[in-house]
Each structure stands twice: as structure tokens, then as C-alpha cells.
Amino acid sequence: MPDSPLDPLPASPPRRSGRAEGPRRRWAIVALVLAFVVLAGGVAAAAGYYSWCQGSADEHDTVTVQIPEGATGEQIVEVLHARGVVRCGGFLGRVLLNRTERASQVRAGEHELPTGITIEQAVRVLSKPQEPQRPTTDVTIPEGYTVAQTAEVVDEELGIPAAKFEAQASSGGFTLPPYLPERSDTVEGYLFPNTYEFFSKGAKPAEVIDTLLTQFDEQASALPWENADRLGVSPYEIVTIASMIEREAAVVSERPLVAAVIYNRLDRGMTLGIDATLRYIDPNPEDGLTASDLAIDSPYNTRLYKGLPPTPIASPGADALRAALEPAEEPFLYYVLCGEDGSHEFSVDYDTFLADKARCLG
């Protein structure tokens, strides 16, 4: 039957004691605090990592980086990160890239960058305008060329007047210790024979000479210069001897033999009698060595004057320099041209030399 308004109300559910609710609330607060600490720690760690990604290293190596044509920001960052240029890649790297002012100006192609730099520094290099390419010219200086001959090549190839080049070469303003002493009157013998690349326009005589001297230094450093003391000559005299060897011996294998003749004659106080030193000062080289040439009163006339000429007479190559430092251990005192290939006959005594001369030169 229906409830009567006079029926008693349903009994309320029994309340739990407050003793159980207190610990649960405290644990909830502790959990909330711990969650906040963890969250704060994560935020701090993220901030620290973000700051680290923006930084750079103390030591750097140089690496080559290839940026593809049309590369996206993601690709650029990944290339830089993979090569160790920047610390971070991925999303954070892209964020840092997009914050730089020149991100959209990064040039495709090959770039040289240091490792361990900031993304901003990397973008500064990658977006640097490329300098226009200046045309260059290859200039070949053959072995055995004099300063005057080198000047002619430089004039023809680079447009530097030969007289201007020669004046600079004899200015006394160049040195190359220990080979070329200070205040030397000329760089004769030190314009190393090789093929060089120079800018087609605007090259200066001093720049060309410095480049050739640097090449001499690089090539000479591999040779046994300690032998000069044993041979009783200075490095400058080694170059002088090498220049004579270069002009006298076309066959490379004979160069140590020609060197032996030079040292043997010097040891005995004989004149060297080397025609190449006379040709160096011959006023009319086209007509060969005439009787008047043989009588020229000059220290370069090694038929008349004992010892070495005052300077080198040409630019020797590495083979001639090595021969001057490592002469053959032979007693030869004479040689005469005796072959269409430029080879010689070597002899110890004058009579044999005369016989060789008659046979070889007819």
C-alpha cells in the first residue's frame, strides 16, 4: 500500500569516521606535490637542453657540408647535425633554425664549416653571398729557366711587363732562409719550376715571386740539406751547383755524375770550365759560344775563374737539387756531350777526355 505521510523517513547511511579521510587527503597532497616537482624538473631539464642546443664547443674541426638544392629546414638541420656542425637536430633544431634571421637565405652546394658551432653561426656561413669567380691562368715555368726567361713567360701569360718583373726579382727584397740569404741581389735559382695557377688579371710581380719561392721551400724541405756541411758548401752554393747541373745534364741519371765532376774539380782547385755559366752572360746566345765569349772577363766565366759563379744561373728542379746534395762517388773530372739524347761520356784524365771529344764531336 502507498506510504503514509506519517511513516518514518529512511535511515541515513552511516557516516565514516574522519580518521580514514585524513591520511588519504594527505597522500593526495603529497602526490600532487611530487607531480609538480617532477613536472618542474622536466621543464628545467628541457630548458637546460634547449640552452645546450644553442651553445657551441671549445674545440672545432673543419668538415665539408653538402646542402641539397631546394632543401627544407628539416633537411638542413639534419645535415648540419649529422656532420657535427650543430649540437641538435630534429624538432628543436628546426625551431632554432627558424629563429635565425637568414634561414631562408641558405645557399645550396658544398660548404666548409667548423664543427661544434651554434645554428646561428652555421646559417651565417651558409647564407654568405658567394664571391664571383675570378678567371685564372695556368703558368708553367720549365726547369732550367732563368729569371729573364721566367719574366718573359709571366709577361706573356699574365700581362706583367718583363722589365717590371725582372726589376722586382733583383730588388734584394726577398729572402728564404736558409737557402736564399737576406739582401741577396737576385732570386735567380729560386723561382721553382712548376705549373701555377694565378688570377688572369691583377697579379703583381711580388705575388708571383713569393708563390714560386714558397714552392721552392716546400720542395726543398724533403731533401737532405744536412749533406751540405759534409760537402763543404752552403745551402746557397748547393743551389748554385744545382743550377749548373740543371743546365748541363739533360739526362736525369747523369746528374749525380755531373755533380761529382763539379765537386772533384773544386776539391783540386781546378776551374770548372762549365759552358752553361758562360751562356748565362753571353750577349748574343744565338751564335753559340764564340772565341770572344770564351774570353769574357767575368766571374761567371768558369773557364777563367776558379770556384763557383757568384749566383745560380737558372732555376733547378728537385732532381738537380738532390744531385747537388748527393753526388755520385766517382773520380771523374771531365765529361763531353756524346749522344743525341743529351748523354755524356765521363773520364778521369785529360787524354781520355780528348779522345772522347774527338770521337763524340767528330
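Small disclaimer: the values here were computed from a predicted structure and weren't measured.
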Asker: How far apart are the C-alpha atoms of Val208 and Gln168, what are their side-chain angles, what is the distance that settles it, and do they pass the side chain to side chain contact (heavy atoms under 4.5 Å, CB included) test?
Answerer: CA-CA 10 Å; Val208 175; Gln168 189 73 61; over 6 Å; no

Asker: Would you say the side-chain atoms of Asp185 pair up with the backbone N or O of Ser170, donor to acceptor, closer than 3.5 Å?
Answerer: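 A pair under 3.5 Å: no.
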
Asker: Begin from the C-alpha positions of Arg255 and Glu246 and carry the test side chain to side chain contact (heavy atoms under 4.5 Å, CB included) through to its verdict.
Answerer: CA-CA 8 Å; Arg255 290 177 177 177; Glu246 184 69 61; 3.1 Å; yes

Asker: Apply side chain to side chain contact (heavy atoms under 4.5 Å, CB included) to Phe346 and Val258, showing your working.
Answerer: CA-CA 9 Å; Phe346 292 84; Val258 172; 4.0 Å; yes

Asker: Between Pro178 and Tyr236, is there a side-chain heavy-atom distance shorter than 4.5 Å?
Answerer: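 No, side chains not in contact.
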
Asker: Give a yes or no on whether the backbone of His344 and the side-chain of Glu254 come within a donor-acceptor separation of less than 3.5 Å.
Answerer: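 Side chain of Glu254 to backbone of His344, a donor-acceptor pair under 3.5 Å: yes, one is there.
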
Asker: Any donor-acceptor pair under 3.5 Å linking the side chain of Arg83 with the backbone of Thr64?
Answerer: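 Indeed, once roles are kept as given, a pair shorter than 3.5 Å links the two residues.
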
Asker: Tell me which donor-acceptor pairs under 3.5 Å the side chains of residues 324-339 have, and how far apart each pair is, sequence neighbours excluded?
Answerer:
unit_1	atom_1	unit_2	atom_2	d
Tyr335	OH	Glu248	OE1	2.6

Asker: How about Tyr190 and Tyr179: are their ring centres within less than 6.0 Å of each other?
Answerer: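 No: the rings miss the under 6.0 Å criterion.
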
Asker: Distance only, no hydrogens: is a donor on one side chain within 3.5 Å (strictly under) of an acceptor on the other, for Thr302 and Thr277?
Answerer: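 There is such a pair between these side chains.
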
Asker: Sequence neighbours excluded and cut-off under 3.5 Å, please list the side-chain donor-acceptor pairs for residues 138-148, or say none.
Answerer:
unit_1	atom_1	unit_2	atom_2	d
Thr140	OG1	Thr195	OG1	2.9
Thr146	OG1	Ala148	N	3.4
Thr146	OG1	Gln149	N	3.1
Thr146	OG1	Gln149	OE1	3.4

Asker: May I ask you to test the Leu308-Met244 pair for a side-chain heavy-atom distance under 4.5 Å?
Answerer: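 Counting from C-beta outward, Leu308 and Met244 do come under 4.5 Å.
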
Asker: With no hydrogens and no angle check, is any side-chain donor or acceptor of Ser200 less than 3.5 Å from a backbone partner on Pro135?
Answerer: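 Flag set: sc Ser200 to bb Pro135 pair under 3.5 Å.
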
Asker: For a side chain to side chain contact (heavy atoms under 4.5 Å, CB included) check, start with the C-alpha distance between Val233 and Tyr263, then their side-chain angles and the critical distance, and finish with the verdict.
Answerer: CA-CA 10 Å; Val233 291; Tyr263 284 112; 4.1 Å; yes

Asker: In Å, rounded to the nearest 0.5 Å, how long is the span from CG of Leu191 to CD1 of Ile209?
Answerer: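 Answer for the CG-CD1 pair, Leu191 versus Ile209, is 6.5 Å.
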
Asker: Do any N or O atoms from the side chain of Thr62 and from the backbone of Pro114 form a donor-acceptor pair under 3.5 angstrom?
Answerer: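 No, because the side chain of Thr62 does not come within donor-acceptor range (under 3.5 Å) of the backbone of Pro114.
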
Asker: Quick check: does any side chain N or O of Ser315 sit under 3.5 Å from a backbone N or O of Pro193, one acting as donor and the other as acceptor?
Answerer: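 Pair absent, no side-chain N/O of Ser315 close to backbone of Pro193.
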
Asker: For the residue pair Glu188 and Tyr280, confirm or rule out a side-chain donor-acceptor distance under 3.5 Å.
Answerer: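 The answer is yes; a qualifying pair exists.
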
Asker: Any side-chain heavy atom of Glu157 within less than 4.5 Å of one from Phe198?
Answerer: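 Heavy-atom side-chain distance check fails, nothing below 4.5 Å.
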
Asker: Would you say the side chains of Thr311 and Tyr300 form a donor-acceptor pair under 3.5 Å?
Answerer: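 The criterion, which ignores hydrogens and geometry beyond distance, is satisfied for Tyr300 and Thr311.
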
Asker: Would you check if the side chain of Asp293 reaches a backbone N or O of Thr290 as a donor-acceptor pair within less than 3.5 Å?
Answerer: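 It does hold such a pair.
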
Asker: Donor-acceptor check, side chain of Asn301 to backbone of Arg303, threshold 3.5 angstrom: yes or no?
Answerer: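 Yes, Asn301 side chain to Arg303 backbone: donor-acceptor pair under 3.5 Å.
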
